[in-house]
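Read through the structure below, which is laid out as structure tokens, and then see the notes.
In the text below, chain A, chain B and the rest are named by the order of the sequence lines, each starting its count at 1.
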Protein chains: 2
Amino acid sequence: MKYSELKKIIKRHGLRITDCRIDVLSYFIQYKKALTFKNLEDQFEAYDRVTLYRTLSAFEEHGLLHKIPDDSGFATYGLCQDCSTEAHHHNHIHFKCLKCEQLECIDDTINISIDSLPKNYIAQDMDVIIKGVCQQCNSN
Amino acid sequence: MKYSELKKIIKRHGLRITDCRIDVLSYFIQYKKALTFKNLEDQFEAYDRVTLYRTLSAFEEHGLLHKIPDDSGFATYGLCQDCSTEAHHHNHIHFKCLKCEQLECIDDTINISIDSLPKNYIAQDMDVIIKGVCQQCNSN
DNA sequence: CAAAAAATGCAATTTTGTTGCAACTAAACT
DNA sequence: AGTTTAGTTGCAACAAAATTGCATTTTTTG
């Protein structure tokens, strides 16, 4: 994606433009799948660990990235589709491949319906992680 | 739960009986909700941290506990209903209360249907975490 | 009860994430 | 453009979380 586009996205979310933010956002967009802190650390050795941590949390706070619950113990982040500093709103549907361990966000191709919760429980949000074998691992 | 019952459960999963395992399993059964490592550390100060870590992973490997994905960064474990060393099989439906932060396993009271996955994706398992307000927090 | 196998506790280490602060940089304002 | 300001970075130190190796103790087997 063009530099000017990236800049626009970051600005729209109320953040200043910096080299690190441009690089990280660009990588997320190009890579398409969810990334862990470790992935980014490996990819961007030139930036200090602290800077990467802070980039991730700034992006999360401002609605560019969302944290995906993962039982691997590594915080994993995915690009938000349409969030802002004010409100995160997803369907939070994710696919974790048990072969390649990659986590990806599945767009609107899945419908999930919840019939009922025990009484006096109020549902506000939902995370769904489907585990299995992804397209790529499946065809190899 | 009676000591002899606890012993039977642990044995059935191919593990030796030790004080720590009895205590931890007993606590999970009595407490009913999911627990983090920290919860257990606080509860069982007498046991070494390492022993508790190893108890949790032994229980996980042998199908007594399952790890629940959580974006808080703390590994959280819940009792398995009917798993063994050979196979974990749940519907993995969990409820996380945004007020009291407690995570609990909701049994079979929820139906979820998934319409479709993108082609060439194979679903094997699913984790669902519903976030909201639990019964207890709701009535206070 | 003895031997073998496994679990525990401790110390040391590694990994992961956070904080404070000085130096630097982007954006805003003459 | 140059100055101000507010936010960002990198470093070092720190804190927290998890893991490893090993000697000791405990459980199980026969």
Side-chain angles (χ1 to χ4, degrees), chain A residues 3-27 34-65 67-77 85 101 103, chain B residues 3-4 6-27 34-65 67-77 85 101:
Chain A
Y3 180 65
S4 62
E5 291 278 344
L6 296 167
K7 265 170 76 166
K8 233 184 278 175
I9 296 173
I10 293 172
K11 265 220 170 104
R12 193 171 60 234
H13 287 84
L15 286 167
R16 292 193 173 189
I17 312 305
T18 69
D19 292 354
C20 183
R21 287 173 184 170
I22 293 286
D23 285 343
V24 169
L25 177 59
S26 169
Y27 188 57
L35 293 163
T36 61
F37 172 77
K38 192 134 194 9
N39 293 149
L40 293 171
E41 200 183 12
D42 292 345
Q43 180 67 18
F44 299 110
E45 291 182 347
Y47 295 115
D48 193 88
R49 291 164 3 89
V50 178
T51 304
L52 291 172
Y53 275 118
R54 290 196 272 225
T55 300
L56 286 174
S57 41
F59 278 5
E60 194 190 2
E61 273 168 35
H62 289 77
L64 277 143
L65 294 176
K67 213 183 251 178
I68 305 170
D70 189 72
D71 53 20
S72 75
F74 299 104
T76 307
Y77 293 85
T85 306
E101 300 265 296
L103 187 64
Chain B
Y3 179 67
S4 62
L6 296 166
K7 264 170 75 167
K8 232 184 278 175
I9 296 173
I10 294 171
K11 263 215 171 111
R12 194 172 57 232
H13 287 84
L15 286 169
R16 292 191 173 190
I17 311 305
T18 69
D19 293 354
C20 183
R21 287 174 183 170
I22 292 287
D23 285 343
V24 169
L25 177 59
S26 167
Y27 189 57
L35 293 163
T36 61
F37 172 77
K38 191 134 195 8
N39 293 149
L40 292 171
E41 201 183 12
D42 292 345
Q43 181 66 19
F44 298 110
E45 291 182 347
Y47 295 115
D48 194 86
R49 291 165 5 89
V50 177
T51 304
L52 291 173
Y53 275 117
R54 290 195 271 224
T55 300
L56 286 175
S57 42
F59 277 5
E60 192 190 3
E61 273 169 37
H62 289 76
L64 277 143
L65 294 176
K67 215 184 248 178
I68 305 170
D70 189 71
D71 52 20
S72 75
F74 298 106
T76 307
Y77 293 85
T85 306
E101 300 266 296

**Report entry** B/S/- contact track for nucleotides 6-17 of chain C, protein heavy atom under 4.0 Å
**Finding:** SSBBBB----SB

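Chain B approaches DNA chain D over the interval D:dA17 to D:dT28, counting the first and last nucleotide 5' to 3' with an atom under 4.0 Å from its heavy atoms.
Residue pairs meeting the salt bridge (Lys or Arg N to Asp or Glu O under 4.0 Å) criterion with at least one member in residues 18-27 of chain B: none, sequence neighbours excluded. Listed by first and then second residue, the salt bridge (Lys or Arg N to Asp or Glu O under 4.0 Å) pairs that reach into residues 39-55 of chain A are A:Lys38-A:Asp42, sequence neighbours excluded.
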Report task. Show your reasoning for whether side-chain contact (heavy atoms from CB on, under 4.5 Å) applies to B:Tyr3 and B:Ile17. Result -> CA-CA 11 Å; B:Tyr3 179 67; B:Ile17 311 305; 4.2 Å; yes

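For B:Tyr27, the ring pair (Phe, Tyr, Trp, His ring centres under 6.0 Å) partners two or more places apart in sequence, or in a different chain, are B:Tyr31, B:Phe44. Taking the ring pair (Phe, Tyr, Trp, His ring centres under 6.0 Å) definition, one finds that A:Tyr47 meets it with nothing, sequence neighbours left out.
Taking CG of B:Leu56 as the reference point, atom CG of B:Leu64 lies at 11.0 Å (rounded to 0.5 Å).
You'll find the ring centres of B:Phe37 and B:Phe74 outside the 6.0 Å limit.
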